[in-house]
Amino acid sequence: MITEIETALFPLTRLYGGNMLFTGGVPELLKTYQKFTRNLTERMTTSLVIVNVPTDSPAFPEPLRGTTLAKLRVAFTGDTAEGEKLLRPLRALNPAQDNVAEMPYTDIAKIYADPAGPIRTRERAGALRALDDATLRRLLRAAGPDADRPPMVVEIRHLGGALARAPKHPNAVGPRDAAFNLFVADVAPDPGQDATLEAGQQQVFDLLGPSLTGHTQPNFLTDHDKTATRVRRAYRPRDYERLTTLKRRYDRHNLFRVNHNIPPAA
């Protein structure tokens, strides 16, 4: 049972953030994003989302249905002028929408603009070693305009920075060697379509296989990761063993098990 948590806060009141929407040119955008993320300052974090819009989706205007879109999401803690300079190569691709601007930190959730209510989805996550040329080709085959049955959403989220460094205090963040997080998702209102959607997601992971680290961040474990083997891959071996020891000490009978379970050490 958790009885106390100490949290360190950061004095951040504003940021330069938002998103850009691209309605075409996904291959060129990916290539530009590859160069953009090389040696990028740690004060900026971004993700690139490829959206294959279903032909019958009421959530999108008619002209966009059946097309492949891309959205760049940005959060930068530096000043606005520097942020605008960093984003010039991406703005040169003429996004259809661009709302990246200075904002109060309290508006940070607007960058992702996730739905406020529950939506049934099928999801899966992994981690990419790098965004090299081979990975770009695999990503386009898996999720680009010419992909065969791609998931609705394929996101690559830039990692690195402090996450890649050894922590000051022991924790269970997981493997830190990935350059990008990979996340795929489909809206799944009809459970009868789950097998079809999951097959499309598996195809993405099969195509990207050589680029994957084989691990998943703990906060991105999904329904696909219920087995003990897959849960274990979210942690470094020594961290996992430490967690099982703690579980034995505080929850010997594994009462808290309706989760991505870490069983008590034997």
Side-chain angles (χ1 to χ4, degrees), residues 6-51 53 59-61 63-64 67-117 119 125 127-128 130-131 136 139 143 152-165 167-168 173 176 178-183 185 217 219-220:
E6 247 181 66
T7 303
L9 300 178
F10 294 85
L12 186 63
T13 60
R14 45 74 58 198
L15 71 153
Y16 178 70
N19 55 71
M20 300 180 192
L21 176 68
F22 298 84
T23 56
V26 172
E28 183 181 6
L29 174 60
L30 277 171
K31 195 69 179 176
T32 303
Y33 185 67
Q34 178 195 49
K35 296 177 183 177
F36 168 75
T37 52
R38 288 175 184 160
N39 304 313
L40 188 63
T41 172
E42 291 184 11
R43 290 179 296 165
M44 178 173 281
T45 183
T46 63
S47 73
L48 185 64
V49 188
I50 301 173
V51 182
V53 184
F60 291 85
L64 297 181
T67 65
T68 299
L69 313 176
K71 181 177 282 191
L72 175 73
R73 293 159 169 168
V74 178
F76 178 54
T77 58
D79 65 69
T80 296
E82 184 182 356
E84 289 178 346
K85 182 178 179 180
L86 288 168
L87 291 177
R88 281 176 190 165
L90 291 152
R91 284 201 165 111
L93 299 179
N94 299 313
Q97 294 179 8
D98 180 353
N99 67 7
V100 182
E102 184 151 340
M103 63 170 65
Y105 178 77
T106 50
D107 285 347
I108 194 169
K110 293 181 180 179
I111 297 175
Y112 263 68
D114 286 334
I119 294 178
L128 298 170
L131 196 60
L136 283 186
L139 191 58
M152 181 177 175
V153 171
V154 177
E155 178 195 53
I156 52 174
R157 185 177 302 197
H158 194 197
L159 304 177
L163 181 66
R165 295 194 288 271
K168 183 182 297 185
V173 167
R176 297 170 179 267
F180 289 83
N181 190 67
L182 172 68
F183 176 73
Q217 290 294 334
N219 56 317
F220 274 91

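Everything quoted here is computed from the prediction, not taken from an experiment.
For CG of N39, the number of neighbouring non-hydrogen atoms (other residues, nucleotides, ligands) closer than 6.0 Å is 12 at most.
Listed by first and then second residue, the salt bridge (Lys or Arg N to Asp or Glu O under 4.0 Å) pairs involving residues 74-85 are R43-E82 (not counting sequence neighbours). Listed by first then second residue, pairs satisfying salt bridge (Lys or Arg N to Asp or Glu O under 4.0 Å) with a partner in residues 30-39 read K31-D133, not counting sequence neighbours.
Partners of T37 under the side-chain hydrogen bond (donor to acceptor under 3.5 Å, both in side chains) rule, at least two apart in sequence or in another chain, do not exist in this structure. Every residue two or more places apart in sequence or in another chain that forms a side chain to side chain contact (heavy atoms under 4.5 Å, CB included) with I119 is listed here: P115, T121, V187. Among residues two or more places apart in sequence or in another chain, the side-chain hydrogen bond (donor to acceptor under 3.5 Å, both in side chains) test is passed with Y112 by S47, E155, R157. Shown here are the side chain to side chain contact (heavy atoms under 4.5 Å, CB included) partners of E28, two or more places apart in sequence or in another chain: T32, L93. Applying the ring pair (Phe, Tyr, Trp, His ring centres under 6.0 Å) rule to F183 yields the partners F220; only residues at least two apart in sequence or on another chain are considered. Every residue two or more places apart in sequence or in another chain that forms a side chain to side chain contact (heavy atoms under 4.5 Å, CB included) with P61 is listed here: P63, L64. With sequence neighbours excluded, no residue forms a ring pair (Phe, Tyr, Trp, His ring centres under 6.0 Å) with F36. Residues satisfying the side-chain hydrogen bond (donor to acceptor under 3.5 Å, both in side chains) test with Q217, not counting sequence neighbours, are none.
A pairwise comparison of heavy atoms in A130 and A179 identifies CA-CB, 3.9 Å as the closest pair. Here the closest heavy-atom approach between residue R165 and residue R176 is recorded as O-NH1, 3.1 Å.
Taking CG of L128 as the start and CG of N181 as the end, the distance is 8.0 Å to the nearest 0.5 Å. One distance of note links CG of L40 with OG1 of T45; it measures 8.5 Å at 0.5 Å rounding. To the nearest 0.5 angstrom, L30 atom CG is 5.5 Å from L48 atom CG. Taken to the nearest 0.5 Å, the CG atom of L69 stands 9.5 Å off from the CD atom of Q97.
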Show the atom names and distances, to 0.1 Å, of all donor-acceptor pairs under 3.5 Å that link a side chain in residues 7-20 to residues at least two apart or in another chain.
{"unit_1": "R14", "atom_1": "NE", "unit_2": "E102", "atom_2": "OE2", "d": "3.2"}
{"unit_1": "R14", "atom_1": "NH1", "unit_2": "T77", "atom_2": "O", "d": "3.3"}
{"unit_1": "R14", "atom_1": "NH1", "unit_2": "G78", "atom_2": "O", "d": "2.7"}
{"unit_1": "R14", "atom_1": "NH2", "unit_2": "G78", "atom_2": "O", "d": "3.3"}
{"unit_1": "R14", "atom_1": "NH2", "unit_2": "E102", "atom_2": "OE1", "d": "3.4"}
{"unit_1": "Y16", "atom_1": "OH", "unit_2": "R91", "atom_2": "NH1", "d": "3.1"}
{"unit_1": "Y16", "atom_1": "OH", "unit_2": "R91", "atom_2": "NH2", "d": "3.2"}
{"unit_1": "N19", "atom_1": "ND2", "unit_2": "I111", "atom_2": "O", "d": "3.2"}

Start with the C-alpha distance between F60 and T67, add both sets of side-chain angles, then the distance that settles side-chain contact (heavy atoms from CB on, under 4.5 Å), and finish with yes or no.
CA-CA 10 Å; F60 291 85; T67 65; over 6 Å; no
Handout entry: Residues T23, T68; criterion side-chain contact (heavy atoms from CB on, under 4.5 Å); working and verdict
Key = CA-CA 7 Å; T23 56; T68 299; over 6 Å; no
- Walk me through it: do L131 and Y33 pass the test side-chain contact (heavy atoms from CB on, under 4.5 Å)? CA-CA 9 Å; L131 196 60; Y33 185 67; 3.9 Å; yes
Report task. Test side-chain contact (heavy atoms from CB on, under 4.5 Å) on R73 and T46 and set out the steps. Result -> CA-CA 5 Å; R73 293 159 169 168; T46 63; over 6 Å; no
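Side-chain atoms of L29 and L90, non-hydrogen and from C-beta on, do get closer than 4.5 Å to each other. Using a 4.5 Å cut-off on side-chain heavy atoms (C-beta onward), I108 and T106 make no contact.
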